[in-house]
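First comes the structure, then the notes that go with it.
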Amino acid sequence: MEFETKCLHAGYTPKNGEPRVLPIVQSTTYTYDSTEDIGKLFDLEESGYFYTRLANPTTGAVEEKLAQLEGGVGALCTSSGQAATFYAILNILEAGDHFISSSYIYGGTFNLFAHTFRKMGIEVTFVDQMASVEELKKAVKPNTKAVFAETIANPAMYVLDIEKFAAFAKEIDVPFIIDNTFATPYFCRPFEYGADIVVHSTTKYLDGHAVQTGGVIVDGGKYNWANGKFPQLSEPDETYHGIVYTDTFGAAAYITKARVQLMRDLGSTPSPQNSFLLNLGIETLAVRMDRHYQNALEAAKFLSRQSAVKNLKYPGLEGDPSYELAQKYVPNGLCGVISFEIAAGKEAAAQWLDALKMVSLEVHVADIRTCALHPATSTHRQLTEEELEQAGISPGLVRLSCGIENINDILTDLQQAFDALEG
Ligand SMILES: *Cc1c(COP(=O)(O)O)cnc(C)c1O
């Protein structure tokens, strides 16, 4: 099946007389004929549903679809993107370990890495993702266990040189975890460039309609977890009678452990209702993303002609710092998000945003409805001046997320807000 077809058909194949649409199995529990049947599930000898915290048929179908869309061996859906990133790291790192992350990342991820993980004894070093592999290697420590970055950085809008990061991770023999939220698997499948684990906030384009929060971890299935660095996976887990994940689950060791251990113990489970909504969104991903891209490209061209605008970043525009990388990694299109500065600064940016009529002010991106946000006073307001600069956020920065309306209506609204700014 081609990508667009998988968006509709992967993960759920109804049999004779069954519902055409993926059903919502709104049940926490499942019933079995014998204690022996249930015992086998608990010992991981057989797979099956026994409690929705661990697995649910509706969520399971979406997980299978997402695994296929990214080209992975398995997936685990979570109740938010934050939970997905948290689990993706915690699945393989523990107190005393260290990892390396690009500094151009989502504000929530930055807080998680810089503060919460640090309190848990897991240390991060932020690096400039534009640096060479030689430069990046200076951040490596004996206890470094992972490398992390975003395909298209939110909100800095830099495209990652994925192959460079994959080569770096390979050279130091640690897994490369990538947040593919902004690109979506429609425009970029990081496993094809050497990434090991993909995470998403499914709250964004995969859903697209702003109706559920969710996340997913997808396992590429290629990393060798038995290299001695990851005893969590290659040595016995006493909570499952000494099972060794790499021996029992092979290529799916990482994602199986994330489910049966982390989801069991921490429980950031998506509701079946939300998985149903997420699935509806994914069904139209391909057509929506094409339109987001067309509108954003037009809006970016329009904005770049405005004298009130500076430092516009849209990697689809020629001359953008990430244009070449975009041509390589996301050649068929990009997300709808554009970042730019209102040249006159923070107050003027607020004034321009307040003048918008159809475009709504939202702490969100990737909605089918066009929306805008001022990161310095919202998503990134906890960051110090220095951290803001490191993350590429300036006081006048605006993040515009182009929806799928008719482009004329979007441009008309942006124009009248500029008129208001001058008046
Ligand atoms: C929104 C976002 C997250 C966090 O996801 P939530 O669903 O809001 O928890 C992580 N990474 C990126 C790139 C995001 O845009």
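For ligands, and for the atoms within them, numbers begin at 1 and follow the listed sequence.
Applying the 4.0 Å criterion to heavy atoms of Gln82 picks out, from ligand 1, the atoms 4 (C), 5 (O), 6 (P), 9 (O). The Lys204 neighbourhood of ligand 1 comprises atoms 1 (C), 2 (C), 3 (C), 14 (C), 15 (O), with distances under 4.0 Å to a heavy atom of that residue. Atoms of ligand 1 lying under 4.0 Å from any heavy atom of Gly81, numbered from 1 in the order shown and given with element: 5 (O), 6 (P), 7 (O), 9 (O). Ligand 1 places these atoms under 4.0 Å from at least one heavy atom of Glu150: 13 (C). Close approach of ligand 1 to Gly214 (heavy-atom distance below 4.0 Å) involves ligand atoms 7 (O). Residue Thr181 has at least one heavy-atom neighbour below 4.0 Å for each of these atoms of ligand 1: 12 (C), 13 (C), 15 (O).
The protein non-hydrogen atom at the shortest distance from atom 7 (O) of ligand 1 is Thr203 OG1, 2.6 Å.
A heavy-atom distance below 4.5 Å is found between the side chains of Tyr205 and Ser401.
The aromatic ring centres of Phe249 and Trp225 sit 6.0 Å or more apart. Between Tyr193 and Phe165, the distance separating the two ring centers is not shorter than 6.0 angstrom.
Ionic pairing of Glu362 and Arg369 is not present here: no N-O contact between side-chain nitrogen and carboxylate oxygen is shorter than 4.0 angstrom.
Remark: of the listed residues Phe117, Phe113, Phe99, Phe110, Phe113 is the sole one forming a ring-ring contact (aromatic ring centres under 6.0 Å, His included) with Phe148.
Residue Thr213 has no N or O atom closer than 3.5 Å to an N or O atom of ligand 1. Residue Val365 has no nitrogen or oxygen atom sitting less than 3.5 Å from a nitrogen or oxygen atom of ligand 1, judged on distance alone.
Here Tyr30 pairs with Thr52, Asn56 under the side chain to side chain donor-acceptor pair (under 3.5 Å) rule; sequence neighbours left out.
Listed by first and then second residue, the side-chain hydrogen bond (donor to acceptor under 3.5 Å, both in side chains) pairs that reach into residues 75-85 come to none, sequence neighbours excluded.
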Does the ring-ring contact (aromatic ring centres under 6.0 Å, His included) test come out yes or no for Phe168 and Phe176, once each step is laid out? CA-CA 9 Å; Phe168 167 53; Phe176 172 29; 9.0 Å; no
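Put simply, part of Asp179 is less than 4.0 Å from ligand 1, judged by heavy atoms.
Of the heavy atoms in Asn154, only side-chain atoms (C-beta onward) come closer than 4.0 Å to ligand 1.
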